[in-house]
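Take a look at the structure set out below.
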Amino acid sequence: MRSFRAVALFLGLSAVGAMFAQTVPRASPEFVINYPGGKQQLLSKYRGKVVLLEFIFTTCPHCQVMSQMISKMKTEIGSKDFQPLAVAVNPMAIMQVPDFVNNFRVNFPVGASERDPALTYLQINGADRWVVPQVLLIDKKGVIRAQTPPSGDEKMQEEGSLRTQIENLLHEGTTTKRASATHKRAS
């Protein structure tokens, strides 16, 4: 009888875990980012841009370094179609965001969210182990094309890899549009 209960418990927990398994690619659900001063912004505002969305703790050294690297990429890529965003999810994050932005010279919007809505968006079960930063790349159509697994992935924190993925997403569709325009002129 005990082994039956153990198997039933295992299957039940596996089913719950499967509900939270990350699916990529997937349509980005709506997400509210809170900014100091009470301002809120919907993630869907950035549809039409390639979005690098970073979930952080303002106190995490890896998140701090990553945000500085993303600021550098934002300056160097310089595309109006590229928009990095960060969302702090640590306790009292909304109060820590202004100092985080100033201390680490972050040149892109940094807001905050409560932990549970962020984990739901990330498709992470709150009972499981997860690390920050969590990084997602969202294409111009609002589809999540890459995401850090809950336990982390160095490739999603490496500048060269991220830059290549961002540039590929920025160029998606442009060769098709150019070819179409060339074909129309030739006709």
Same cluster or not: are Ile56 and Ile124 linked, directly or through other Ile, Leu, Val, Met, Phe, Trp or Tyr residues, by side-chain heavy atoms under 4.5 angstrom apart? no
Indicate if Met69 and Leu170 have the same hydrophobic cluster label, given that clusters are the connected sets of ILVMFWY residues with side-chain heavy-atom separations under 4.5 angstrom. yes
Does a side chain donor of either Asn34 or Ser113 reach within less than 3.5 Å of an acceptor in the other side chain? no
I need the Leu53 CG to Gln83 CD distance, nearest 0.5 Å. 10.5 Å
Membership question, hydrophobic clusters at under 4.5 Å side-chain separation (ILVMFWY): are Met66 and Val89 in the same one? no
Roughly how far, to the nearest 0.5 Å, is NE2 of His62 from OG of Ser67? 13.0 Å
Between Gln147 and Met156, is there a side-chain heavy-atom distance shorter than 4.5 Å? no
Heavy-atom closest contact (Gly111 atom, Val97 atom, distance): O-CG2, 3.7 Å
Are Asn107 and Thr75 packed together at the side-chain level, in the sense that at least one heavy-atom pair is separated by less than 4.5 angstrom? yes
Checking Asn90 now: which residues fulfil side-chain contact (heavy atoms from CB on, under 4.5 Å) with it, not counting sequence neighbours? Phe57, Thr58, Ala88, Ala93, Gln96
Mind checking whether Leu43 and Phe108 sit in one hydrophobic cluster, side chains of I, L, V, M, F, W, Y counted as touching below 4.5 Å? no
Residues passing the side chain to side chain donor-acceptor pair (under 3.5 Å) test with Ser28, sequence neighbours excluded, are Tyr121
Pro149 backbone acceptor or donor facing Asp153 side chain under 3.5 Å: no
What's the spacing between Ile138 CD1 and Leu52 CG if we round to 0.5 Å? 9.0 Å
What's in the same ILVMFWY side-chain cluster as Val32, cut-off under 4.5 Å, chained through other members? Leu42
With rounding to the nearest 0.5 angstrom, report the NZ to CD distance, Lys45 to Gln40. 13.5 Å
Arg47 (side chain) donor-acceptor with Ser44 (main chain) under 3.5 angstrom: no
Quick one: list whatever passes ring-ring contact (aromatic ring centres under 6.0 Å, His included) with Phe100, sequence neighbours left out. Phe104
Would you say that more than 12 heavy atoms from the other residues, nucleotides or ligands in this model lie under 6.0 Å from the CD of Glu158, or not? yes
Excluding sequence neighbours, so at least two apart, what forms side-chain contact (heavy atoms from CB on, under 4.5 Å) with Ile33? Phe31, Tyr35, Leu85, Val87
Taking the side chain as every heavy atom from C-beta outward, state whether Gln64 and Pro61 have any atom pair closer than 4.5 Å. yes
Could you check if a side-chain atom of Leu162 sits within less than 4.5 angstrom of a side-chain atom of Gln157, using non-hydrogen atoms only? no
Could you pull out the closest heavy-atom pair between Arg115 and Gly126, with the gap in Å? NH2-O, 3.1 Å
Checking Glu30 now: which residues fulfil salt bridge (charged side-chain N to carboxylate O under 4.0 Å, His left out) with it, not counting sequence neighbours? none
Single-linkage hydrophobic cluster, 4.5 Å side-chain cutoff, Val131 and Leu122 together: no
With sequence neighbours excluded, tell me which residues meet salt bridge (charged side-chain N to carboxylate O under 4.0 Å, His left out) with Lys72. Glu159
Nearest-0.5 Å distance that lies between atom CG in Asn125 and atom CD in Gln22: 11.0 Å
Among Val132, Leu136, Ile70, the one residue meeting side-chain contact (heavy atoms from CB on, under 4.5 Å) with Glu54: Ile70
By salt bridge (charged side-chain N to carboxylate O under 4.0 Å, His left out) - contacts of Glu167 (at least two apart): none
Side-chain touch Leu119/Trp130, heavy atoms, less than 4.5 angstrom: yes
Just so I know, are the side chains of Ser151 and Arg129 near enough to count as touching, which here means a heavy-atom distance under 4.5 Å? yes
How would you list, by chain and number, every residue that makes a side-chain contact (heavy atoms from CB on, under 4.5 Å) with Pro25, sequence neighbours excluded? Val143, Arg145
To check you understand the geometry: which heavy-atom pair defines the closest contact between Arg26 and Val24, and what is its length? NH1-CG2, 3.8 Å
Residues passing the side chain to side chain donor-acceptor pair (under 3.5 Å) test with Glu76, sequence neighbours excluded, are Arg163
Run the side chain to side chain contact (heavy atoms under 4.5 Å, CB included) check on Leu137 and Ile166 step by step: do they pass? CA-CA 8 Å; Leu137 292 175; Ile166 291 164; 3.9 Å; yes
Residues passing the salt bridge (charged side-chain N to carboxylate O under 4.0 Å, His left out) test with Asp81, sequence neighbours excluded, are Lys140
Taking only residues two or more places apart in sequence, or in another chain, which ones meet Met95 in a side-chain contact (heavy atoms from CB on, under 4.5 Å)? Met92
Hey, what do you get for CG (Leu169) to OG (Ser79), rounding to the nearest 0.5 Å? 11.5 Å
